[in-house]
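I have placed the structure first, in the form of structure tokens, so that the comments after it can refer back to it.
First listed ligand is number 1; within each ligand, the first listed atom is number 1. Just so it is clear, the structure is predicted and the values come from calculations on it, not from any experiment.
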Amino acid sequence: MAIKESAASAANGASRHAVDAIIIGAGFSGLYQLHKLRDDLGLNAVVLEKADGVGGTWYWNRYPGARCDSESYYYCYSFNKEIEQEWSWSERYPEHPEIRKYLNFVADKLDLKRDIRLNTEVTSAAFDDATNTWTVRTKDNQTFSAPFLITAVGCLSTANVPKMKGLESFEGQWYHTGLWPHDGVDFKGKRVGQIGTGSTGIQAAPVIAEQAGHLTVFQRTANYSIPARNGPVTAEDVKHTRENYDDIWKLARAGTNGHPFTISTQSALAVSDTERQGIYEKAWERGGLRFRASFSDVLQNADANLTASDFLRSKIKEVVKDPAIAEMLTPYDHGFATKRPPIDSGYFETFNRDNVLLVDIKAEPIVEVTPKGIRTTKQDYELDIIVFATGFDALTGPLVNLNISGSQGYKLKDAWSAGPQTYLGLQSPKFPNLFTITGPGSPSVLCNMPIAIEQHVDWITDCIRDMRAKGLKRIEAEPEPTEKWVAHVNEAADATLLPMASSSWYLGANVPGKPRVFMPYAGGFARYTAICNDVAQNGYRGFALS
Ligand code: NA7
């Protein structure tokens with residue numbers, strides 16, 4: 001692509017570039033968005049990426065045990081038959097290097113890298129009402145301007161490192177799982193403390209325990225987990241998937257969560273105890289997120305949910321040998337899957353090891369980090385390494401941190417101070433021509449991400465195509481439809497048990513001071529897609545176009 005280098009390029013290394021579209025982020029969404037805008041619409045599009053490689057979330061998340069919780073055969077793009085037929089996954093759940101390899105394969109296959117500016121961190125984006133142009137500035141003093149700005153920054157990319165008293169005094173090393181060193185961490189013989197038992201902590205603990213001298217897991221909230229049952233993908237599996245991709249995608253798009261399986265239509269309360277137990281046992285043996293789909297009402301009816309929660313609690317007691325530890329590991333404060341359900345490879349078994357200790361930090365809260373380790377209200381734990389598996393400032397964090405100002409200088413940070421205000425998760429009023437891929441208010445993290453991403457990218461691309469065909473220069477979400485959409489997002493969540501988990505990151509509860517608002521759209525992927533399509537077919541109802 002020929003980016004126009006402005007004659008105004010200054011001698012101090014500052015440079016200005018005018019393009020048709022700026023995309024921020026080179027993960028699953030940024031790569032596909034670049035392909036669509038450049039190769040389908042013929043636009044001058046550029047991706048700005050902070051990292052020195054493609055991969056997005058998977059570029060940063062390299063902690064021990066980091067792998068995808070969606071199955072590999074559908075945690076990938078569906079838009080290109082050649083990619084489908086040429087790529088094969090090695091495991092049921094791909095590990096982080098394999099996902100990066102896949103994204104590099106796609107980027108090379110589609111010749112995307114020539115339009116991706118790596119090591120280019122965006123520091124601000126500002127809209128000019130007079131010219132309907134976005135200007136994006138970067139840390140290395142470059143300026144990019146374009147009529148359209150698309151954020152493809154992911155939902156889980158702003159690390160949440162708790163502000164713990166004394167952390168700066170710690171004489172050992174500390175790491176956040178989402179910003180893991182590229183050359184790994186040597187745990188051999190080390191005393192490791194891990195804080196956090198979400199999906200990440202549950203993946204990491206078994207691997208760290210195997211490598212470290214000793215592992216202390218500091219647990220604030222006990223969690224449910226389903227065995228992943230990871231394993232190699234056979235040649236037969238690959239053949240079957242390749243032959244059936246059309247049906248796989250059809251099924252994935254027709255459902256609630258973008259996974260190619262159907263949720264049972266039977267209530268958990270409509271079967272006998274024996275039959276229910278048998279169904280849960282089978283799902284437990286099969287492993288993975290599909291456990292959630294065992295019955296129609298696991299996430300809708302508290303009594304139905306209790307049957308799943310009780311089953312999983314009984315499994316913890318079966319697996320963990322010490323009854324007192326099993327009890328500490330058993331969640332009672334929330335129902336199964338009301339928080340993001342982790343899947344694991346030997347998580348509960350880890351607590352049967354001699355070199356692993358579990359500390360309940362609700363019973364003995366952390367007071368401070370000391371030079372030698374972690375001090376709770378009860379005792380000091382000496383540590384060489386602290387691993388923060390403490391999650392992310394999810395969904396809004398990566399967007400607010402971009403320092404975006406829209407029409408008349410209105411700041412996104414202010415617009416969202418009481419929670420994200422989006423229309424369809426795609427746009428916010430006062431931020432014309434700014435599109436967000438899988439933003440708050442869209443199915444996003446409740447969905448198999450590549451499916452959600454493709455739907456958003458396709459919609460945005462069609463919208464820009466339509467605008468250009470009609471000579472339109474500006475599109476902006478209107479305030480009233482946005483208010484209605486935010487209300488609908490809440491209604492959709494309230495129709496489920498999801499808002500009941502008070503410590504859930506879906507609600508922003510994991511970040512102190514963050515507004516408690518249910519952020520993703522829980523109405524289901526298929527329903528959401530139909531709404532977006534209907535909006536587009538009706539002249540982009542709810543958007544002001546000019
Ligand atoms: P999560 O799911 O937000 O888990 C973070 C964990 O860290 C969770 O157990 C938290 O306890 C704990 N946490 C967070 N802050 C603290 C502090 N200050 N002190 C002690 N413990 C704390 O993040 P993950 O990275 O595991 O997973 C994020 C998503 O990535 C996952 O759902 C997948 O979609 C992929 P809490 O439960 O808040 O009490």
Mutual orientation of the aromatic rings belonging to [X] and [Y] [parallel < 30°, tilted 30-60°, perpendicular > 60°]:
| X | Y | value |
| --- | --- | --- |
| Y506 | F518 | perpendicular |
| Y521 | H488 | tilted |
| W284 | F311 | perpendicular |
| Y32 | F79 | parallel |
| F28 | Y102 | tilted |
| F105 | W87 | tilted |

Open item on the list: Between the side chains of E98 and K101, is the shortest nitrogen-to-carboxylate-oxygen separation below 4.0 Å, so that they form an ion pair?
Closed with: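 Salt bridge: no.
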
Task: Salt bridge flag under 4.0 Å for residues E327 and K317 - done: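 Here E327 pairs with K317 in a salt bridge, since their nearest N and O are under 4.0 Å apart.
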
Closer than 4.0 Å to some heavy atom of [X] - which atoms of ligand 1 meet that?
| X | value |
| --- | --- |
| G196 | 6 (C), 7 (O), 9 (O), 12 (C) |
| I361 | 20 (C) |
| P162 | 17 (C), 18 (N) |
| T221 | 36 (P), 37 (O), 39 (O) |

Heavy-atom pairs closer than 4.0 Å: do any link ligand 1 to the side chain of [X], the backbone, both, or neither?
| X | value |
| --- | --- |
| Q219 | neither |
| F218 | neither |
| S199 | both |
| P342 | neither |
| I366 | neither |

For [atom], closest protein heavy-atom neighbour:
| atom | value |
| --- | --- |
| atom 27 (O) of ligand 1 | T200 OG1, 3.6 Å |
| atom 37 (O) of ligand 1 | K339 NZ, 2.8 Å |
| atom 32 (O) of ligand 1 | R340 CG, 2.8 Å |
| atom 14 (C) of ligand 1 | R220 NH2, 3.6 Å |
| atom 4 (O) of ligand 1 | G198 CA, 3.5 Å |
| atom 5 (C) of ligand 1 | A389 O, 3.4 Å |
| atom 28 (C) of ligand 1 | W505 NE1, 3.9 Å |
| atom 23 (O) of ligand 1 | G391 CA, 3.1 Å |

TODO: Working to the nearest 0.5 Å, report the span between OG1 of T390 and CG of N160.
DONE: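 Rounded to the nearest 0.5 Å, the OG1-CG separation comes out at 5.0 Å.
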
Open item on the list: Looking only at distances, can you tell me whether any N or O atom of T177, backbone or side chain, sits closer than 3.5 Å to an N or O atom of ligand 1?
Closed with: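 T177 vs ligand 1: no N/O contact under 3.5 Å.
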
Task: ligand 1 N/O within reach of I195 N/O, cut-off under 3.5 Å - done: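 Among all N and O atoms of I195, none is under 3.5 Å from an N or O of ligand 1.
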
Open item on the list: Is there a side-chain contact between V359 and E364 in this structure, where contact means two heavy atoms from C-beta onward sitting under 4.5 Å apart?
Closed with: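 Result yes, sub-4.5 Å side-chain heavy-atom pair found.
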
- [ ] For N301 and D297, indicate whether the former's side chain and the latter's backbone hold a donor-acceptor pair under 3.5 Å.
- [x]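 A pair under 3.5 Å: no.
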
Task: Selection from T197, L156, V511, T57 by shortest heavy-atom distance to atom 8 (C) of ligand 1 - done: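 Selected option, by shortest heavy-atom distance: T197.
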
Task: Positive for side-chain contact (heavy atoms from CB on, under 4.5 Å) with P331, one of I316, T338, L312 - done: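 Option passing the side-chain contact (heavy atoms from CB on, under 4.5 Å) with P331: I316.
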
